[in-house]
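Below: the structure, in structure tokens.
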Amino acid sequence: MKRDFLTLADWSPEELTALLDDAVRLKAELRAGQPHRRLAGKSLGMIFEKASTRTRVSFETGMFQLGGHALHLSGRDMQLGRGETLEDTAHVLSRYLDGILIRTFGHTLLERLAAAATIPVINGLTDTYHPCQVITDLFTLRERFGNLSGMRVAFIGDGNNMAHSWLLGAALFGMDFRLATPPDYRPNPLVVARAQQLAAEHGATLSIGDDPVAAVDGVVAVHTDTWVSMGDEASEVERLAAFQPYRVDAALMAHAADGAVFMHCLPAHRGDEVTAELFDSPQSIVFDQAENRLHVQKAILVRLLGQPQA
Ligand code: CP
Ligand code: NVA
């Protein structure tokens with residue numbers, strides 16, 4: 001049966017750990033100049049209904065390095081944009097391709113596509129989740145600090161798709177995760193309930209509040225994201241006002257553990273969610289995160305589109 005990658009909770013912690021291990025190998029092979037054409041002859045269709053730099057380039061380059069091929073499909077230029085249904089699109093693409101990535105708005109659109117497709121579907125970001133980014137963030141933290149279990153991390157800002165995927169990822173890996181958002185921008189209670197259930201199963205601690213200083217206390221990493229996600233542009237003025245106390249700066253980082261790092265999925269807005277000084281400082285590992293998208297996305301592609309694993 002085909003597998004998808006729609007949310008981090010679709011995969012067990014053991015499967016996600018194996019994925020991170022694959023990404024370590026793929027990164028080392030690339031650095032050593034060893035060819036790894038594990039997906040020769042395979043094609044990935046990538047439907048984008050929102051802008052993208054990292055997701056598009058990492059998946060497209062990743063398919064190339066693995067010996068396969070990626071097609072960039074703008075939702076606007078497809079018949080989807082003229083009313084062809086997602087289901088018909090999924091049936092047709094399943095006859096040509098070996099996998100589909102989609103970046104879209106409502107998460108149910110992704111679920112409909114995945115239900116109708118007979119090939120693996122990857123979530124390249126929806127309004128509710130961004131699993132490809134957060135599994136990369138977890139890879140980046142494991143690479144730097146080791147075992148994720150018990151690791152203390154804070155996410156400061158919007159209770160958005162990134163915060164939701166962080167809640168699930170931290171729960172699955174048994175982490176000590178603290179989220180601080182303005183009261184009107186809390187995460188979706190249904191996502192929180194699912195994450196708390198997973199946290200209980202996997203020994204994680206999730207704390208959700210509105211105090212950034214309390215959240216950052218003793219953490220090894222502080223993660224933030226834009227205050228205005230794609231699709232939220234109409235509420236930009238209210239958002240910029242509400243989020244002012246949630247800017248990550250050197251004073252906030254002073255409450256974190258010694259050696260703590262600053263993280264951001266990018267694109268960033270210096271002066272809004274993070275000061276330019278911190279973003280451009282040695283504490284910031286944002287471009288390691290961006291690079292690791294390539295290695296981790298390749299691991300996802302090999303797991304989903306490659307030969308079945310033993
Ligand atoms: N972080 C991330 O997903 O970047 P893009 O929007 O550029 O793909
Ligand atoms: N929360 C952001 C993430 C961008 C990668 C957005 O959805 O626009």
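In what follows, residues are counted from 1 in the order of the sequence shown. Start at 1 and go down the list; that is how both ligands and their atoms are numbered.
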Report the relative orientation of the aromatic rings in His264 and Phe279; use parallel for angles under 30°, tilted for 30 to 60°, perpendicular for over 60°. perpendicular
Minimum-distance protein heavy atom relative to [atom]:
atom: atom 7 (O) of ligand 1; value: Thr53 N, 2.6 Å
atom: atom 4 (O) of ligand 1; value: Arg54 NE, 2.8 Å
atom: atom 6 (O) of ligand 1; value: Arg103 NH1, 2.8 Å
atom: atom 2 (C) of ligand 1; value: Arg293 NH1, 3.4 Å

Does [X] reach the main-chain N or O of [Y] with its side chain, forming a donor-acceptor pair under 3.5 Å?
X: Arg38; Y: Val302; answer: no
X: Asp176; Y: Met151; answer: no
X: Glu236; Y: Asp232; answer: no

Please find out if less than 6.0 Å separates the ring center of His69 from that of Phe64. no
Passing option when Glu273 is tested against Thr224, Asp158, Asp225 for side-chain contact (heavy atoms from CB on, under 4.5 Å): Thr224
Considering only NZ, NE, NH1 and NH2 on the basic side and carboxylate oxygens on the acidic side, decide whether Lys298 and Glu29 come within less than 4.0 Å. no
One pair per line, please: each N/O atom of ligand 2 matched with every protein N/O atom under 3.5 Å away, atom names first, then the distance to 0.1 Å.
| residue | atom | partner | partner atom | Å |
| --- | --- | --- | --- | --- |
| ligand 2 | 1 (N) | Asn160 | ND2 | 3.4 |
| ligand 2 | 1 (N) | Asn161 | OD1 | 2.8 |
| ligand 2 | 1 (N) | Asp225 | OD2 | 2.6 |
| ligand 2 | 1 (N) | Ser229 | OG | 2.7 |
| ligand 2 | 7 (O) | Asn161 | ND2 | 2.8 |
| ligand 2 | 8 (O) | Met230 | N | 2.8 |

